[in-house]
Amino acid sequence: MTVRVRFSPAPTGYLHLGSARSALFNWLYARKTGGAMVLRIEDTDTERSTPEHIAAIKDTLGWLGIDWDEEYLQSERFDAYLKVVDDLIADGRAYYCDSTPEEIKARAEARGESADGGYDNYNRDRNVQPGPGVVVRFRTPDEGVTAWDDAVRGRVTFDNAVLEDFVIVRSNGTPMFHVANAYDDLDMGITHVVRGEDLVNTTPRVLLLRQAMGADDVPTFAHLPLIVNEQRKKLSKRRDDVSVGDYAERGYLPDAMRNYLVTLGWGPKDGVEIRPVEELIELFDLADINKASAFFDVKKLDHFNGEYIRALPTEEFVAQATPFVDASEYDIPAELFASLAPMVQERTKRFDQAAELLDWVVGDPVEPSEKDWRKVMGKDEVPAILDAVIERLADVDWTAEALEALVMGVGEELEAKSQLPVRLALTGKRAGLPLWEPMAAMERQVIVDRLRAARARI
RNA sequence: GCCCCCAUCGUUCAGUGGCCUAGGACACCUGCCUUUCACGCAGGCAACACGGGUUCGAAUCCCGUUGGGGGUGCCA
């Protein structure tokens with residue numbers, strides 16, 4: 001049997017981390033098995049779905065290097081869903097319902113039950129006719145169980161009795177998620193449904209619908225553990241940085257993001273986490289996916305990204321970092337950046353942080369912290385060091401090698417560390433790029449002025 | 001309330017009855033390298049939630065407790 005998986009986002013927002021991971025796991029499985037990856041846009045909620053979101057989702061999938069073999073839009077298939085619903089109604093497996101939420105609630109209260117118990121199947125046999133404000137509900141069985149073997153969770157069982165008759169066609173005539181989903185999985189021959197755990201409870205409904213549509217088989221489900229935030233709650237648009245597109249804009253490499261995402265809920269058995277996607281595809285398996293939710297750890301993502309950035313050929317690094325450098329608050333000439341790129345690349349975990357390393361080269365040094373100043377400049381020998389460096393700077397060859405020899409030479413002669421005071425005077429910070437190359441790229445007078453200013457401050 | 005689910009270092013993944021005095025990675029700490037930082041290298045800290053079973057033997061199987069999460073929409 002040829003594997004057919006699908007990624008089915010609702011285009012009601014941008015692609016977020018959780019969805020991206022679902023897409024990725026589907027894709028890995030399809031590519032591993034030589035199966036087909038279907039992109040199915042579930043835009044049955046016509047109110048909230050937009051073409052912009054569809055475009056953005058596709059863009060971001062492309063950015064992540066996730067491709068697909070077939071593409072469908074559910075809004076173009078409404079006729080088919082509605083036809084199936086008509087059959088269901090004719091069969092008595094679905095019925096019209098005109099109960100408003102208020103009425104349902106009122107009846108529950110009248111019975112002395114909790115108001116959030118859900119729909120009470122009130123209209124089942126009342127022969128409501130279609131009209132304004134009328135929805136179609138699916139008649140769920142009153143007994144028995146609906147169960148399936150989940151590739152990650154094992155056997156999952158639901159009592160049919162706890163399933164209320166749910167809406168399958170809205171009062172505005174549009175079909176809802178469950179029907180579209182059940183119909184399409186059947187119609188498109190989907191063999192494996194890989195999606196987030198937040199959808200487990202919809203599975204019995206979809207399965208029941210699928211049966212009602214005449215299916216006698218069940219796809220393999222794999223419900224992925226949720227990606228959570230520090231509070232162990234499902235990542236949410238409101239609280240968390242979940243838009244994958246935003247990560248792209250902040251200078252994360254798609255390969256790094258994809259590689260990190262794979263390690264959430266799954267891991268190669270040999271423990272090697274950072275590796276080429278081809279290997280990931282080879283090693284991946286639905287059966288090895290974890291059950292417990294996983295925290296999205298940006299620090300670890302940063303580490304992955306740093307590894308990927310360092311692995312780039314320098315020219316490639318320059319090419320990719322340049323847009324970010326240009327967009328930064330610093331005015332850094334392309335040539336300067338290119339010449340200093342190797343040392344920047346070594347120290348950059350995100351492209352949007354690259355420019356800041358050169359702040360002192362193209363602008364004034366930052367104001368040193370009091371603590372740094374005291375620690376570095378407070379030493380007795382510092383005035384002598386700075387005086388000597390300033391004096392010798394007047395006629396030194398303006399090359400990185402000569403500058404290094406000069407500063408280190410002064411240090412040796414005075415038997416003191418000369419690099420740090422010079423660094424603080426020039427950059428305002430104790431840590432940063434190696435000094436000599438950038439110095440050689442700067443004006444002699446600027447360097448001398450900064451050293452003099454620092455000397456005067458002691 | 002009702003339904004479903006989860007539980008190994010701070011985080012993440014490995015571990016599917018003996019190879020576990022529990023392993024890798026991130027983070028953190030120490031040292032080395034060094035022009036500071038970063039990289040790299042060598043170390044270190046640190047976990048099987050708890051209680052019962054089953055078994056010659058349990059992180060691995062079963063039950064319970066506790067803790068956590070997801071769902072409960074005319075969203076998906």
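Residue numbers begin at 1 in each chain, while the letters A, B, ... track the order of the sequences.
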Paired with [N] by Watson-Crick or G-U wobble geometry, both distances under 3.5 Å: which nucleotide is it?
N	answer
A49(B)	U65(B)
A27(B)	none
G1(B)	U72(B)
U34(B)	none
A58(B)	none

Test of ring centre spacing under 6.0 Å for [X] and [Y]:
X	Y	result
F138(A)	H178(A)	no
F25(A)	F284(A)	yes
Y252(A)	F304(A)	no

With [atom1] as the reference atom in both, quote the distance from [N] to [M] in angstrom, rounded to an integer.
N	M	atom1	result
C5(B)	C48(B)	P	27 Å
C61(B)	U16(B)	P	11 Å
C2(B)	U65(B)	P	14 Å
G15(B)	G73(B)	C1'	42 Å
A76(B)	C6(B)	C1'	23 Å
U55(B)	U60(B)	P	16 Å
G64(B)	A22(B)	C1'	26 Å
A58(B)	C50(B)	P	15 Å

Handout entry: Close side-chain approach of V318(A) to E315(A), heavy-atom, < 4.5 Å
Key =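 No, every pair of side-chain atoms sits at 4.5 Å or beyond.
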Practice task
Please tell me if the side chains of V85(A) and Y183(A) come closer than 4.5 Å, counting only heavy atoms from C-beta onward.
Solution key: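 Sidechains of Y183(A) and V85(A): no contact.
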Problem - Nearest-nucleotide comparison on RNA chain B, the residue closer to the 5′ end among E437(A) and R153(A) - result: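 Closer to the 5' end of RNA chain B: R153(A).
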Problem - Residue mapping more 5' on RNA chain B - nearest nucleotide basis, I289(A) or G432(A) - result: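 Per heavy-atom nearest nucleotide, the more 5' residue is I289(A).
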For [X], report the nucleic acid contact type (base, sugar-phosphate, nothing); a contact means any heavy atom under 4.0 Å.
X	result
F304(A)	nothing
L433(A)	base
R423(A)	base
E404(A)	base

Exercise for the section: Evaluate the ring planes of F221(A) and H223(A), with Trp represented by its six-membered ring, and classify them as parallel (under 30°), tilted (30 to 60°) or perpendicular (over 60°). Expected result: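 Rings of F221(A) and H223(A): parallel, as their planes differ by under 30°.
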Problem - Cationic tip of R310(A) above Y308(A) ring, under 6.0 Å, 45° of axis - result: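 Negative - R310(A) is either too far from the ring of Y308(A) or too far off its axis.
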Whole-Å distance separating the [atom1] atom of [X] from the [atom2] atom of [N]:
X	N	atom1	atom2	value
K379(A)	U36(B)	NZ	P	13 Å
L224(A)	C4(B)	CG	P	21 Å
H223(A)	C3(B)	NE2	C1'	15 Å
R347(A)	U34(B)	CZ	C1'	11 Å
D288(A)	U12(B)	CG	P	18 Å
N290(A)	U11(B)	CG	P	14 Å
D159(A)	C2(B)	CG	P	14 Å
F295(A)	C13(B)	CZ	C1'	15 Å

Handout entry: Separation between NE2 of H303(A) and CG of D297(A), rounded to the nearest 0.5 Å
Key =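 Spacing of NE2 (H303(A)) from CG (D297(A)) equals 11.5 Å.
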Handout entry: Carboxylate-amine/guanidinium contact K417(A) E381(A), below 4.0 Å
Key =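 Answer for the salt bridge query: no.
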Please tell me which of the listed nucleotides, [options], lies nearest to the side chain of [X]?
X	options	value
E307(A)	U36(B), A27(B), G40(B)	G40(B)
A294(A)	U12(B), C5(B), U36(B)	U12(B)
E273(A)	U36(B), G24(B), G40(B)	G24(B)
K299(A)	U12(B), G24(B), A27(B)	A27(B)

Practice task
Assess whether salt bridge (Lys or Arg N to Asp or Glu O under 4.0 Å) is satisfied between D184(A) and R6(A), documenting all intermediate values.
Solution key: CA-CA 10 Å; D184(A) 280 346; R6(A) 43 77 160 186; over 6 Å; no
Practice task
Heavy atoms under 4.0 Å is the rule here; annotate nucleotides 60-68 of chain B 5' to 3' with B where the base is hit, S where only the sugar-phosphate is, and - elsewhere.
Solution key: ---------
Fill in the blank from the handout: In 5'-to-3' order, the base (B), backbone-only (S) or no-contact (-) status of each nucleotide in nucleotides 71-76 of chain B, using a 4.0 angstrom heavy-atom cut-off, is S--BBB
Handout entry: Working for ring-ring contact (aromatic ring centres under 6.0 Å, His included), residues Y14(A) and H16(A)
Key = CA-CA 6 Å; Y14(A) 297 103; H16(A) 70 89; over 10 Å; no
Problem - Nearest non-hydrogen partners of L424(A) and M377(A), listed with the distance - result: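 Here L424(A) and M377(A) meet closest at CD2-CG, 3.9 Å.
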Problem - N or O in side chain of K291(A) less than 4.0 angstrom from C5(B) OP1/OP2 - result: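 For C5(B), neither OP1 nor OP2 has a side-chain N or O of K291(A) closer than 4.0 Å.
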